[in-house]
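Along the sequence shown, residues carry numbers from 1.
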Amino acid sequence: QVQLVESGGGSVQAGGSLRLSCKASGYTSSGTCMGWFRQAPGKEREGVAAIYTGGTNTYYADSVEGRFTISHDNAKNTVDLQMDSLKPEDTAMYYCAAVADDNYYEGLHEDEYTYWGQGTQVTVSS
């Protein structure tokens, strides 16, 4: 059973930084696509960033390109999201997600993701 546990959310002023971490367990594959998604109140969930843990491919939403960086540490089974130059519009619940072992998809289409964490709140004040 794959489990994803997020940590690192919190409150910060605009222009500040936060680092989110996702700890994965139960995977049998040596490489899969994992991503971060977010959902603000009253809005649909959107993909933020994704990474293929068996290589170096990364994917970003236009709204965070150049400000957010996704990375993985296979020794620790973690995927981190470094968020810099945060804006009030980045305020949302952030979710870690992963595709199934037999799915070779890479990208930010949430329908391709099978496993989801419980989420961690990020609040950016102006």
Side-chain angles (χ1 to χ4, degrees):
Q1 180 73 14
V2 174
Q3 290 188 324
L4 304 174
V5 179
E6 304 100 332
S7 61
S11 298
V12 66
Q13 288 192 328
S17 298
L18 282 173
R19 188 176 183 91
L20 306 183
S21 186
C22 175
K23 174 76 172 178
S25 61
Y27 258 108
T28 59
S29 173
S30 59
T32 190
C33 186
M34 295 185 66
W36 286 93
F37 293 75
R38 67 186 182 186
Q39 187 167 23
K43 295 187 177 181
E44 292 187 353
R45 188 160 56 187
E46 62 173 347
V48 175
I51 189 167
Y52 175 62
T53 63
T56 58
N57 292 347
T58 56
Y59 307 84
Y60 294 95
D62 290 344
S63 58
V64 306
E65 181 86 54
R67 299 188 298 121
F68 291 11
T69 304
I70 191 169
S71 61
H72 67 87
D73 185 332
N74 287 350
K76 298 179 180 179
N77 290 329
T78 56
V79 172
D80 290 355
L81 184 68
Q82 177 65 40
M83 305 185 294
D84 299 319
S85 302
L86 282 162
K87 304 176 181 180
E89 51 263 44
D90 294 318
T91 295
M93 184 70 78
Y94 283 70
Y95 298 91
C96 177
V99 303
D101 280 338
D102 58 355
N103 187 347
Y104 296 100
Y105 174 79
E106 296 182 28
L108 292 172
H109 289 290
E110 67 171 274
D111 290 347
E112 296 287 347
Y113 286 77
T114 301
Y115 305 106
W116 293 84
Q118 293 298 307
T120 185
Q121 178 68 37
V122 171
T123 302
V124 184
S125 58
S126 58

Q118 atom CD, neighbour heavy-atom count above 12 within 6.0 Å: no
Atom pair CG (L20) and CG (D80), whose distance is rounded to the nearest 0.5 Å: 8.5 Å
E106 and Y59: side chain donor to acceptor below 3.5 Å: yes
In one Ile/Leu/Val/Met/Phe/Trp/Tyr side-chain cluster, 4.5 Å: V99, Y52: no
Within 6.0 Å of CD in Q3, more than 12 heavy atoms from elsewhere: no
Side chain to side chain, W36 and L108, heavy atoms closer than 4.5 Å: no
Heavy-atom donor-acceptor pair, H72 side chain to T56 backbone, under 3.5 Å: no
OG-NZ distance between S126 and K87, expressed to the nearest 0.5 angstrom: 13.5 Å
Q13 side chain vs S125 backbone, donor-acceptor pair below 3.5 Å: no
Donor-acceptor under 3.5 Å (K76 side chain, K23 main chain): no
Exercise: identify the closest heavy-atom pair between G119 and M93: C-SD, 3.7 Å
Euclidean distance, L81 CG relative to T120 OG1, rounded to 0.5 Å: 11.0 Å
Same apolar cluster (I L V M F W Y, side chains within < 4.5 Å links), L18/Y60: yes
Under 3.5 Å donor-acceptor, T123 side chain and T91 backbone: no
Shortest non-hydrogen contact between N103 and E112, atoms and distance: ND2-OE1, 3.1 Å
For P88 against A14, the heavy-atom pair lying closest together: CD-CB, 4.0 Å
Flag side-chain contact, heavy atom, 4.5 Å: D90 against M83: no
Among Y113, Y94, Y115, ring-ring contact (aromatic ring centres under 6.0 Å, His included) partner for F37: Y113
Atom pair CE/OG1 of M34 and T78 - distance to nearest 0.5 Å: 8.5 Å
Spacing of I70 atom CD1 and N57 atom CG [to the nearest 0.5 Å]: 11.5 Å
Spacing of R45 atom CZ and R38 atom CZ [to the nearest 0.5 Å]: 13.5 Å
Considering all heavy atoms, the nearest Q82-S17 contact: NE2-CB, 3.9 Å
